[in-house]
S.K.: 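Got a structure for you, questions after.
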Amino acid sequence: MQAQMLAPAAVLALWSMIMLWWMAGTRFPALAKADRSKAPKKDGVRGRDLEGWLPEKVMWKAHNYDHLMEQPTVFYAAVIVLAIMGPEALDVTLAWTYVAVRILHSFWQALINKVNVRIILFSISSIALTILAIRAVSATLFFDPGLAPS
């Protein structure tokens with residue numbers, strides 16, 4: 001069951017890299033076409049400094065990539081804890097639910113970006129993640145070594 005628990009985390013890690021390359025593949029051509037006279041006037045420009053200079057649709061991919069570097073850190077921690085402690089089928093189902101909804105969220109945000117749907121997708125994934133986190137805490141705080149397989 002350990003591999004089944006870790007597989008969703010591996011898929012989300014790969015998806016994060018796909019979003020990185022999708023972001024770069026849209027951002028670099030947009031940078032080449034952008035009006036340099038309106039570029040941020042400072043050294044050490046970061047991605048968020050490009051807001052208002054690059055088209056919104058280009059920035060949507062960057063926003064989603066940023067999101068994949070935020071909340072999923074909790075997901076990775078919960079998955080690792082559960083994989084070590086011995087996941088149950090519900091844990092694997094919740095992990096796959098989280099990953100599937102996050103990928104849907106990515107597509108929605110990168111292509112359409114209507115907030116009313118994004119918030120629903122975010123809420124569903126957040127509920128799955130909250131339950132995963134509770135189960136990870138429960139698996140560790142209430143661990144009974146006498147019940148562990150030998």
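Worth knowing before you read on, the calculation uses all heavy atoms, side chains too, and leaves out hydrogens, waters and symmetry mates. Numbers here simply count residues along the sequence, with the first being 1. The structure presented is a predicted model; accordingly, all values stated were derived computationally and were not measured.
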S.K.: Considering only heavy atoms from C-beta outward, does the side chain of His67 approach that of Met19 to under 4.5 Å?
M.R.: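 No; the side chains remain at least 4.5 Å from each other.
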S.K.: Is it true that a side-chain atom of Trp108 and a backbone atom of Lys114 form a donor plus acceptor pair closer than 3.5 Å?
M.R.: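 Yes; judged by distance alone, with no hydrogens or angles, the pair exists.
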S.K.: Can you give me the closest heavy-atom contact between Trp96 and Val11, atom names plus distance?
M.R.: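 Residues Trp96 and Val11, closest heavy atoms: CH2-CG2, 3.6 Å.
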S.K.: Which residues pass the side chain to side chain donor-acceptor pair (under 3.5 Å) test with Glu88, not counting sequence neighbours?
M.R.: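 Glu88 satisfies side chain to side chain donor-acceptor pair (under 3.5 Å) with Arg135 once adjacent residues are dropped.
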S.K.: Residues two or more places apart in sequence or in another chain: which of them pass side chain to side chain donor-acceptor pair (under 3.5 Å) with Arg118?
M.R.: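 With sequence neighbours excluded, Arg118 shows a side chain to side chain donor-acceptor pair (under 3.5 Å) to Asn113, given in chain and number order.
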S.K.: Please tabulate, for side-chain N and O atoms in residues 119-131, each donor-acceptor pair with protein atoms closer than 3.5 Å (sequence neighbours left out).
M.R.:
{"from": "Ser123", "atom 1": "OG", "to": "Ile119", "atom 2": "O", "distance (Å)": "2.7"}
{"from": "Ser125", "atom 1": "OG", "to": "Leu121", "atom 2": "O", "distance (Å)": "3.3"}
{"from": "Ser125", "atom 1": "OG", "to": "Phe122", "atom 2": "O", "distance (Å)": "2.9"}
{"from": "Ser126", "atom 1": "OG", "to": "Gln71", "atom 2": "NE2", "distance (Å)": "3.0"}
{"from": "Ser126", "atom 1": "OG", "to": "Phe122", "atom 2": "O", "distance (Å)": "2.8"}
{"from": "Thr130", "atom 1": "OG1", "to": "Ser126", "atom 2": "O", "distance (Å)": "2.7"}

S.K.: Check ring pair (Phe, Tyr, Trp, His ring centres under 6.0 Å) between Trp15 and all other residues, then give those that pass, not counting sequence neighbours.
M.R.: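 For Trp15 the ring pair (Phe, Tyr, Trp, His ring centres under 6.0 Å) partners, ignoring immediate neighbours, are Phe107.
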S.K.: List for me each residue that meets ring pair (Phe, Tyr, Trp, His ring centres under 6.0 Å) alongside Tyr98, sequence neighbours excluded, and say none if there are none.
M.R.: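 Expected list: Phe75.
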S.K.: Output all residues satisfying side chain to side chain donor-acceptor pair (under 3.5 Å) with Asn64, sequence neighbours left out; order by chain, then residue number.
M.R.: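 Per chain and number, Asn64 pairs via side chain to side chain donor-acceptor pair (under 3.5 Å) with His105, Ser106, Gln109.
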S.K.: Just jot down the side-chain contact (heavy atoms from CB on, under 4.5 Å) partners of Ile84, sequence neighbours excluded, or say none.
M.R.: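 With neighbours one apart ignored, the set is Ile80.
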S.K.: Tell me the salt bridge (charged side-chain N to carboxylate O under 4.0 Å, His left out) pairs involving residues 53-76, sequence neighbours left out?
M.R.: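 Of all non-adjacent pairs touching residues 53-76, none passes salt bridge (charged side-chain N to carboxylate O under 4.0 Å, His left out).
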S.K.: State, to 0.1 Å, how close Val99 and Pro8 come at their nearest heavy-atom pair, and which atoms those are.
M.R.: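 Answer, listing the atom of Val99 first, then Pro8: CG2-O, 3.3 Å.
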S.K.: Are Val137 and Leu94 linked, directly or through intermediate hydrophobic residues, by side-chain heavy-atom contacts shorter than 4.5 Å (ILVMFWY only)?
M.R.: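 Leu94 and Val137: separate clusters.
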S.K.: Using every non-hydrogen atom in the two residues, find where Met69 and Ser16 come nearest and quote the distance to one decimal.
M.R.: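 Minimum heavy-atom contact is CE-CB, 3.7 Å.
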S.K.: Any idea which heavy atoms bring Val58 and Arg27 closest together, and the distance?
M.R.: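 Here Val58 and Arg27 meet closest at CG1-CA, 3.8 Å.
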S.K.: Same hydrophobic cluster for Leu68 and Ile18, using side-chain heavy-atom links shorter than 4.5 Å among ILVMFWY?
M.R.: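 As far as the 4.5 Å side-chain criterion goes, Ile18 and Leu68 are connected within one cluster.
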S.K.: Enumerate the salt bridge (charged side-chain N to carboxylate O under 4.0 Å, His left out) contacts for residues 8-24, please, sequence neighbours excluded, ordered by first and then second residue.
M.R.: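 Listed once each, the pairs would be none.
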S.K.: Can you list everything that forms a side-chain contact (heavy atoms from CB on, under 4.5 Å) with Thr140? Sequence neighbours excluded, please.
M.R.: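 Only Val81, Met85 meet the side-chain contact (heavy atoms from CB on, under 4.5 Å) criterion with Thr140.
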S.K.: Among residues at least two apart in sequence or on other chains, which ones pass side-chain contact (heavy atoms from CB on, under 4.5 Å) with Pro29?
M.R.: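 With sequence neighbours excluded, Pro29 shows a side-chain contact (heavy atoms from CB on, under 4.5 Å) to no residue whatsoever.
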S.K.: Same hydrophobic cluster for Leu14 and Ile103, using side-chain heavy-atom links shorter than 4.5 Å among ILVMFWY?
M.R.: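 Hydrophobic grouping puts Leu14 with Ile103.
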S.K.: Report yes if the side chains of Trp22 and Met17 come closer than 4.5 Å at any heavy-atom pair, otherwise no.
M.R.: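 The answer is no, as the side chains (C-beta and beyond) never meet within the 4.5 Å cut-off.
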S.K.: May I ask whether Ile134 and Val101 are part of the same hydrophobic cluster, defined by side-chain heavy atoms of I, L, V, M, F, W, Y residues being less than 4.5 angstrom apart, directly or through others?
M.R.: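 They do not share one cluster, since no chain of ILVMFWY contacts under 4.5 Å joins Ile134 to Val101.
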S.K.: Taking only residues two or more places apart in sequence or in another chain, which ones pass side-chain contact (heavy atoms from CB on, under 4.5 Å) with Ala13?
M.R.: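 With neighbours one apart ignored, the set is Tyr76.
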